[in-house]
Amino acid sequence: MAFGVLVYRPMDWWSLINRNLDEVLTEEDLRTLLESGEPLRHYIGFEISGKIHLGQGLVCMGKVKDLVDAGVQCMIFLADWHTWVNDKLGGDRERIRKVALGYFKEGLAASFRCLGGDPAKLKFVLGTDLYHHNDEYWLTVLDVAKNTSLARIQRSITIMGRKEGESIDFAKLFYPAMQVADIFIQGVQIAHAGIDQRKAHVIARDCALQLKHRPLTNKKGEKIKPVAIHHPLLLGLGKPPVWPVPAEKEKKQELFASMKMSKSIASSAIFIHDAPDEIRAKLKKAFCPPDDAAFNPVLDWTKKLLFRDEGSSLRIERTAQNGGTVAFAAYAELEKSFLEGKLHPMDLKTGVAERLIEILAPAREAFASGERAAMLAELETIPTESRQ
RNA sequence: CCAGGGGUACCCAAGCGGCCAAAGGGGGCAGACUGUAAAUCUGCUGGCUCACGCCUUCGGGGGUUCGAAUCCCUCCCCCUGGACCA
């Protein structure tokens with residue numbers, strides 16, 4: 001649904017922006033923003049780390065779609081510098097830049113099309129371009145650094161997919177401050193990422209009112225904190241490292257992070273351009289306990305990918321012997337049926353696979369041949385991680 | 001720059017002159033069992049071979065030896081601490 005002219009309808013904005021999220025920091029600040037009537041700017045940053053999986057292609061971009069529909073100016077930040085600092089893609093800056101503007105940009109655009117969006121409405125920004133001849137940026141990095149502590153930066157390196165306490169080179173300590181500075185230098189009121197990026201956003205909010213050089217301000221010129229919105233992560237398709245999952249909430253959170261879809265474990269993830277048979281095969285191998293809904297990747301995906309929109313439905317073909325074809329009009333209905341044993345895991349898997357194959361058709365076609373196929377082929381020859 | 005500890009197959013980790021293609025675990029793959037996966041059990045898991053066997057591996061390079069992952073030299077890298085700057 002295209003919005004030729006922006007229509008200011010705060011309550012619609014609210015539900016679009018707020019839905020399917022793990023958290024909003026804070027809801028009150030978001031409300032204030034929406035009611036201000038100011039044009040809203042959003043950003044989400046991506047490390048250029050390899051193939052685009054469904055968490056990035058459908059969950060991240062799904063939220064971007066909501067924001068675009070709500071009339072927010074959305075920026076997709078291609079974080080080539082961060083990628084280099086984090087030793088991804090072989091640590092070659094020129095190659096990273098090339099993949100960012102080639103494969104990655106094209107892949108995110110194709111993902112956006114899978115969601116029914118028009119990529120022309122997205123603004124892609126490359127880190128290198130943002131920082132070029134921009135002393136203000138590095139000033140902002142230092143301003144952020146002056147307003148947080150070393151201990152806090154060290155704790156925040158989990159945003160890089162690093163373990164707390166892991167030995168790292170010093171450059172990596174710049175990463176969180178750079179990520180925070182990206183928000184302020186671009187003047188975005190809405191910073192968006194997965195819940196795993198929470199620590200960076202909390203630092204941004206905590207130092208927002210102290211910044212001297214590039215504070216975020218409202219139209220009255222008052223300093224404000226950026227609103228942070230965090231979408232959930234998808235579960236990886238494999239069995240959780242600890243099973244059964246302990247009941248304590250804190251442990252659950254930690255564990256959930258270790259169970260997220262990871263592109264370094266190929267069988268845990270599906271990529272936007274995977275072939276139909278790969279999608280079927282990966283789902284067939286997925287962990288799918290018939291009596292657990294909380295840590296069941298297939299149900300998790302069903303809920304987050306197939307029922308993200310109100311009014312979604314899922315049709316599952318079954319043989320007459322297995323109960324015949326069924327359709328579910330809501331996730332809750334499907335989950336109930338599954339837990340009652342009326343919907344067999346294998347049938348759920350094939351149903352989910354077939355629907356995903358449909359959804360991903362635009363991305364698959366985009367990368368099937370020509371220039372984009374070449375970009376993908378080239379990417380696959382590059383090691384994902386390495387120290388220079 | 002110094003001291004100490006390390007670098008072994010996809011990962012962790014034993015081995016410390018021949019019996020080492022290299023124990024053990026994990027992971028992966030295949031099969032059995034389940035209308036899925038998991039769990040459990042069986043086999044495979046450097047390359048080429050049906051196989052005997054051959055070839056390439058133990059951070060890089062160079063030596064010693066009939067023979068080296070194992071000893072010596074040298075270089076590189078990682079970790080812990082120290083020194084330098086004061």
Side-chain angles (χ1 to χ4, degrees), chain A residues 49-51 53-54 85-88 90-92 150 154 157 160-173 234-247 252 255-256 258-271 274 276-306 314-326 328 331 334-357 380-388:
Chain A
S49 51
K51 291 192 284 184
H53 63 48
L54 298 189
V85 169
N86 206 13
D87 299 326
K88 299 291 173 61
D92 178 333
L150 174 59
Q154 284 174 319
I157 65 162
M160 290 180 260
R162 306 271 162 192
K163 291 198 180 96
E164 205 179 322
E166 180 175 339
S167 77
I168 50 170
D169 58 70
F170 178 41
K172 292 184 177 49
L173 295 177
L234 286 180
L235 283 179
L237 289 177
K239 186 191 169 195
V242 182
W243 185 263
V245 171
K252 264 191 188 177
L255 196 64
F256 204 90
S258 72
M259 297 183 324
K260 72 175 177 179
M261 183 192 290
S262 160
K263 65 192 67 185
S264 58
I265 305 169
S267 63
S268 83
I270 285 179
F271 301 101
D274 275 352
D277 279 346
E278 281 179 278
I279 294 175
R280 293 185 186 104
K282 285 178 181 176
L283 267 156
K284 183 179 183 305
K285 284 185 157 279
F287 181 68
C288 188
D291 53 358
D292 195 297
F295 290 91
N296 184 319
V298 183
L299 281 179
D300 183 62
W301 288 25
T302 304
K303 182 181 183 176
K304 291 171 185 164
L305 301 179
L306 307 186
L314 180 64
R315 181 185 160 85
I316 296 178
E317 310 272 349
R318 295 190 296 200
T319 61
Q321 192 187 358
N322 288 332
T325 297
V326 279
F328 298 95
Y331 173 74
L334 180 148
E335 182 184 297
K336 182 167 180 282
S337 182
F338 180 83
L339 291 175
E340 284 171 352
K342 292 175 186 162
L343 175 61
H344 187 92
M346 193 62 230
D347 292 325
L348 175 65
K349 285 178 172 183
T350 54
V352 170
E354 295 310 316
R355 183 74 189 102
L356 278 178
I357 289 167
E380 286 180 324
T381 67
I382 304 174
T384 38
E385 174 151 7
S386 75
R387 305 243 168 142
Q388 324 142 19

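So that the names make sense, note that chain A is the first sequence line, chain B the second, and so on, each numbered from 1. Keep in mind that this is a model prediction, so the values were computed, not measured.
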Once you apply the 3.5 Å cut-off to both distances, tell me the Watson-Crick or G-U wobble partner of rU40(B), or none.
-> rA32(B)
Nearest-angstrom distance, C1' atom, rG47(B) to rC33(B) = 34 Å
Round to a whole Å and report the spacing from CZ of R280(A) to C1' of rU36(B).
-> 16 Å
rA23(B) and rU8(B): how far apart are their C1' atoms, nearest whole angstrom?
-> 12 Å
Spacing between L343(A) atom CG and rU36(B) atom C1', to the nearest angstrom = 11 Å
Rounded to the nearest angstrom, tell me the gap between atom CG in D300(A) and atom C1' in rU36(B).
-> 17 Å
Nearest-Å distance, NZ (K342(A)) to P (rU36(B))?
-> 21 Å
On a whole-Å scale, what distance lies between the P atoms belonging to rC20(B) and rA69(B)?
-> 13 Å
In whole Å, what separates the C1' atom of rG59(B) from that of rU70(B)?
-> 15 Å
Euclidean distance for C1', rA9(B) against rG25(B) (whole angstrom) = 14 Å
Would a distance-only check, ignoring hydrogens and angles, find a side-chain to backbone donor-acceptor pair under 3.5 Å from K349(A) to K284(A)?
-> yes
Provide the Watson-Crick or G-U wobble partner of rG27(B), both distances under 3.5 Å; none if there is no partner.
-> rU45(B)
Contacts of Y331(A) meeting ring-ring contact (aromatic ring centres under 6.0 Å, His included) (sequence neighbours excluded), chain-then-number -> none
Rounded distance in Å - CH2 (W301(A)) to C1' (rU36(B)) = 15 Å
Side-chain donor or acceptor of N296(A) paired with backbone N/O of D292(A) under 3.5 Å = yes
Donor-acceptor contact present, side-chain K88(A) to main-chain G50(A), <3.5 Å = no
Table of protein N/O atoms under 3.5 Å from nucleotides 37-39 of chain B N/O atoms:
| residue | atom | partner | partner atom | Å |
| --- | --- | --- | --- | --- |
| rA37(B) | O4' | A286(A) | O | 3.3 |
| rA37(B) | O4' | K349(A) | NZ | 3.0 |
| rA37(B) | O2' | K285(A) | O | 3.2 |
| rA37(B) | O2' | A286(A) | O | 2.8 |
| rA37(B) | O2' | F287(A) | N | 3.2 |
| rA37(B) | N3 | C288(A) | N | 3.3 |

Who is the Watson-Crick or G-U wobble partner of rG81(B), with both distances under 3.5 Å?
-> rC2(B)
Results of side-chain contact (heavy atoms from CB on, under 4.5 Å) for T350(A) - residues two or more places apart only = M346(A)
H344(A) NE2 to rU36(B) P, straight-line distance once rounded to whole Å = 5 Å
When rounded to the nearest 0.5 angstrom, what is the spacing between CG in L54(A) and CE in M261(A)?
-> 5.0 Å
Considering only NZ, NE, NH1 and NH2 on the basic side and carboxylate oxygens on the acidic side, decide whether K172(A) and D87(A) come within less than 4.0 Å.
-> yes
Name the pairing partner of rA68(B), where a pair is Watson-Crick or G-U wobble with both distances under 3.5 Å, or state none.
-> none
Which value, in whole Å, describes the distance between the P atoms of nucleotides rA22(B) and rC58(B)?
-> 15 Å
Expressed as a whole number of Å, how far does the P atom of rU42(B) sit from that of rC10(B)?
-> 26 Å
Rounding to the closest angstrom, what is the interatomic distance between rA21(B) and rC48(B) at atom C1'?
-> 14 Å
Checking N86(A) side chain against M160(A) main chain: does a donor-acceptor pair fall under 3.5 Å?
-> yes
Report the distance from atom CG of L339(A) to atom C1' of rU36(B), rounded to the nearest whole Å.
-> 15 Å
